[in-house]
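Worksheet: the structure to be examined is printed underneath.
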There are 2 protein chains.
Amino acid sequence: MNLDPAVSAEALMIAVERMVRHVRRSAITGGLSMAASTALGRLVREGPHLLTELARAEGASQPNMTQLITRMERAGLVSRVADPHDGRAVLVEATDIGLEVFRQRCAERADAFQSLVEELSEPEQQAVRIALPALDRAVQARQARQDCS
Amino acid sequence: MNLDPAVSAEALMIAVERMVRHVRRSAITGGLSMAASTALGRLVREGPHLLTELARAEGASQPNMTQLITRMERAGLVSRVADPHDGRAVLVEATDIGLEVFRQRCAERADAFQSLVEELSEPEQQAVRIALPALDRAVQARQARQDCS
DNA sequence: TATTGTTATACTCTATAACTATA
DNA sequence: TATAGTTATAGAGTATAACAATA
């Protein structure tokens, strides 16, 4: 096995990107783009957001989010609700249809990933369960540090 | 640790997607989009392609690739060369500038990933080196089966 | 004056349909 | 006729700048 860090880092990233791409292509319900998919997921998991909050959380500009939400509203996935506490503000929330689409896509992605994992040996599966959460923790720690600096 | 497969598959995918997103944002040289970045990477790694071949390999339509290559040519990253064997065909190849941009971006991505991995414990790092190539092998085996069916 | 959101504008990315040129 | 590529057209996704309404 090649353990040279500088060489293997790029190879490992290419490997994991191919895997993510494969799984993403398996979630087809609703024909959502990545932008719509991640915004919908956030609204379902975290509840209604101000448009501004959602834009910041998704790393997008406010006009971008205005337009994305307009398209998603047209598709019936989300709805705009006036904020009772602030006349300027708009709360965005997932509709019942949006929730159902999200759940379906979650299931499709989980199936695709699970189906890959099941082809691995038991030690490899164990490595997956250790490696992926560990990398995610490192990413989140990194982002928490950036927010404070 | 939660080892229930159905529940953890989605959580593991979210984890790995966050990681990929983080690393992708670390590669900034040239200001390339994902489409341009992956096409350039293919041209550098695999050599010149017919426009049609490149479109198929990247999972894009021919007109899409025509336009992407036009933009990349304008940016100096690739060049169109007439195919000596077929008057209809156009060979696309990376320029010296494209090669240099690709190398720079590879280094940036590898640094970002390596920097994450270094925050992990040694057993976690070992799990990464086992898990990621194993998942990639499963993806490639899956795609090879699809090509034959 | 600062904040929330939209509109205007422009560029990239993507697709399908129609077209040109060559095999 | 089939293949390689482009052009035409349209819609999604993105950004910045300018604007409206509210706090």
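Every chain is numbered from 1, with letters handed out A, B, ... down the list of sequences.
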**Asked** For B:L54 and D:dG5, what is the distance between atoms CG and P respectively, to the nearest whole Å?
**Response** 10 Å

**Request:** Let me have a per-nucleotide readout for nucleotides 14-23 of chain C, 5' to 3', with B, S or -, counting only protein heavy atoms under 4.0 Å.
**Result:** BBBB---BBS

**Request:** Could you grab the distance from atom CG of B:L120 to atom CD1 of A:I130, nearest 0.5 Å is fine?
**Result:** 11.5 Å

**Message:** Expressed as a whole number of angstroms, how long is the span from B:L50:CG to D:dT6:C1'?
**Reply:** 15 Å

**Asked** Honestly curious: do B:F102 and B:V23 fall in one hydrophobic cluster under the side-chain, below-4.5 Å linking rule?
**Response** no

**Message:** Could you measure the distance from the CZ atom of A:R24 to the CD atom of B:E17? Nearest 0.5 Å is fine.
**Reply:** 4.5 Å

**Asked** Quick one: are A:R129 and A:P133 in side-chain contact, heavy atoms under 4.5 Å?
**Response** no

**Complete:** Atom CE of B:M65 and atom C1' of C:dT12 are separated, to the nearest Å, by 14 Å

**Prompt:** Between B:L51 (CG) and D:dT6 (C1'), how many Å, whole number?
**Reply:** 10 Å

**Request:** Using a 4.5 Å cut-off on heavy atoms from C-beta on, say whether the side chain of B:M19 contacts that of A:V20.
**Result:** no

**Asked** How would you label the contact of A:R80 with the nucleic acid (heavy atoms, under 4.0 Å): base, sugar-phosphate, or nothing?
**Response** sugar-phosphate

**Request:** Return no unless some side-chain N or O of B:T52 is found under 4.0 Å from OP1 or OP2 of D:dG5.
**Result:** yes

**Asked** Can you check whether B:T66 has a side-chain N or O nearer than 4.0 Å to OP1 or OP2 of D:dG5?
**Response** no

**Complete:** Under a side-chain separation threshold of 4.5 Å, the hydrophobic residues clustered together with A:V81 are A:L50, A:L91

